[in-house]
Amino acid sequence: MEVLHQNLFNQLGVTYVQNWCFTKVETKPWVVFVLGGPGAGKGTQCERIRKQFGFIHLSAGDLLRAEQNTEGSQYGALIEWHMRTSTIVPVEITYQLLDNAMKRSSGSGRKFVIDGFPLNRDNLDVWQREMTHKVDLKFVLFFDCPRDVCVQRCLKRGNSGRSDDNLESVNKRFNNYLMEIVPIIRYYEKSNLVHKVDANLPPDQVFQEVRQIFEKLN
């Protein structure tokens with residue numbers, strides 16, 4: 001009987017090893033959401049994360065602006081209107097642009113920092129329905145910065161060519177942040193997924209804290 005058990009174990013073991021060796025294991029892409037008010041420094045820090053840790057930086061706002069400026073885009077006029085009125089672009093458009101950008105980044109071990117998404121409950125619901133099973137959400141990086149600092153940063157940036165960085169637009173966007181994005185942050189806090197960073201500091205000091213968070217990833 002003992003010999004029979006040993007033979008059975010050997011057969012199962014060989015089968016397991018063979019299957020393990022010849023079956024390709026697909027790892028889910030890592031995702032880190034980056035949220036905060038307008039002017040909190042999300043884009044600046046995401047670029048540093050990209051350079052230091054090899055993450056692919058996807059900015060929802062940049063993807064929308066690129067689509068808006070694409071000749072013949074069926075969404076261009078609609079995106080432009082939402083940008084001009086400081087309202088949130090329909091989630092179907094933003095999600096599709098993000099999904100396409102992630103698919104274009106081929107290869108295993110992909111790691112994404114997604115800046116400026118999800119922006120409201122609709123964004124969150126679509127992401128959870130379509131993407132939760134496809135990706136490994138590591139955490140939410142929350143850049144906390146007071147309103148007056150955010151506004152001044154945006155106005156300074158507006159002098160460099162960002163058309164939506166004027167006082168009226170920035171105030172509307174900050175109000176949207178308080179009403180729509182802060183509840184998303186609170187939602188993820190319930191799952192202990194939020195890393196809060198003081199963004200009311202010079203960029204180098206902010207990144208010191210960001211680096212410590214990412215160095216703990218494994």
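Only heavy atoms go into these numbers, but all of them, side chains included; no hydrogens, no water, no symmetry mates.
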Heavy-atom side-chain contact between [X] and [Y] under 4.5 Å:
{"X": "D136", "Y": "V31", "answer": "no"}
{"X": "L58", "Y": "L98", "answer": "yes"}
{"X": "R186", "Y": "V194", "answer": "no"}
{"X": "H195", "Y": "F142", "answer": "no"}
{"X": "K111", "Y": "V32", "answer": "no"}
{"X": "P29", "Y": "I56", "answer": "no"}
{"X": "F117", "Y": "F33", "answer": "yes"}
{"X": "F143", "Y": "C145", "answer": "no"}

*asked:* Is there a path of hydrophobic side-chain contacts, each under 4.5 Å between heavy atoms, that joins V113 and L217?
replied: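 Shared cluster, yes.
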*Flag yes if V149 and V197 sit in one hydrophobic cluster, no otherwise; membership is Ile, Leu, Val, Met, Phe, Trp, Tyr, and two members link when side-chain heavy atoms are under 4.5 Å apart.*
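V149 does not cluster with V197.
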Results of ring-ring contact (aromatic ring centres under 6.0 Å, His included) for [X] - residues two or more places apart only:
{"X": "F53", "result": "F214"}
{"X": "H82", "result": "none"}
{"X": "Y177", "result": "F174"}
{"X": "F207", "result": "none"}

*side-chain contact (heavy atoms from CB on, under 4.5 Å) assessment of F139 paired with I213*: CA-CA 10 Å; F139 57 83; I213 294 169; 3.7 Å; yes
*Which residues satisfy the side-chain hydrogen bond (donor to acceptor under 3.5 Å, both in side chains) test with Q96, sequence neighbours excluded?*
N100
*Mind checking side-chain hydrogen bond (donor to acceptor under 3.5 Å, both in side chains) for N200 and listing every partner two or more places apart, or none if nothing turns up?*
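With neighbours one apart ignored, the set is empty.
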*asked:* What verdict does the side-chain contact (heavy atoms from CB on, under 4.5 Å) test give for Q52 and V210, after you've listed the backbone C-alpha separation in whole Å, the side-chain angles of each residue and the deciding distance to 0.1 Å?
replied: CA-CA 11 Å; Q52 180 88 24; V210 170; over 6 Å; no
Between atom [atom1] of [X] and atom [atom2] of [Y], what is the distance when rounded to the nearest 0.5 Å?
{"X": "H57", "Y": "I114", "atom1": "NE2", "atom2": "CD1", "answer": "9.5 Å"}
{"X": "L78", "Y": "S73", "atom1": "CG", "atom2": "OG", "answer": "9.5 Å"}
{"X": "D99", "Y": "E130", "atom1": "CG", "atom2": "CD", "answer": "8.0 Å"}
{"X": "E80", "Y": "R84", "atom1": "CD", "atom2": "CZ", "answer": "4.5 Å"}
{"X": "K42", "Y": "S59", "atom1": "NZ", "atom2": "OG", "answer": "8.5 Å"}
{"X": "E209", "Y": "L141", "atom1": "CD", "atom2": "CG", "answer": "9.0 Å"}

Salt bridge (Lys or Arg N to Asp or Glu O under 4.0 Å) involving [X] - partner list, sequence neighbours excluded:
{"X": "D204", "answer": "R48"}
{"X": "D144", "answer": "K196"}
{"X": "R129", "answer": "none"}

*For K51 and E47, what are the C-alpha separation, side-chain angles and deciding distance, and is it a salt bridge (charged side-chain N to carboxylate O under 4.0 Å, His left out)?*
CA-CA 6 Å; K51 293 176 182 177; E47 277 303 294; 5.3 Å; no
Which atom names give the shortest non-hydrogen contact between [X] and [Y], and what distance separates them?
{"X": "V206", "Y": "L201", "value": "CG2-O, 3.5 Å"}
{"X": "C154", "Y": "R173", "value": "SG-NH2, 4.3 Å"}
{"X": "S169", "Y": "S86", "value": "OG-OG, 2.9 Å"}

_Under the rule for side-chain contact (heavy atoms from CB on, under 4.5 Å), what residues qualify as partners of L193, not counting sequence neighbours?_
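Result, side-chain contact (heavy atoms from CB on, under 4.5 Å) vs L193: L137, Y188, S191.
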*asked:* For L64, give me all partners under side-chain contact (heavy atoms from CB on, under 4.5 Å), at least two apart in sequence or on another chain.
replied: I79, M83, V89, I93, T94, L97
*Going through the distances and angles, do R110 and K28 end up as a side-chain contact (heavy atoms from CB on, under 4.5 Å)?*
CA-CA 8 Å; R110 293 172 296 162; K28 292 182 179 180; over 6 Å; no
Taking only distance into account, with no hydrogens and no angle test, what donor-acceptor pairs under 3.5 Å do side-chain atoms of residues 118-128 form with protein atoms, sequence neighbours excluded?
from : atom 1 : to   : atom 2 : distance (Å)
N120 : OD1    : D122 : N      : 3.2
N120 : OD1    : N123 : N      : 2.9
N120 : OD1    : N123 : ND2    : 3.2
R121 : NE     : D125 : OD1    : 3.0
R121 : NH2    : D125 : OD1    : 3.4
N123 : OD1    : L119 : N      : 2.8
Q128 : NE2    : Y187 : OH     : 2.7

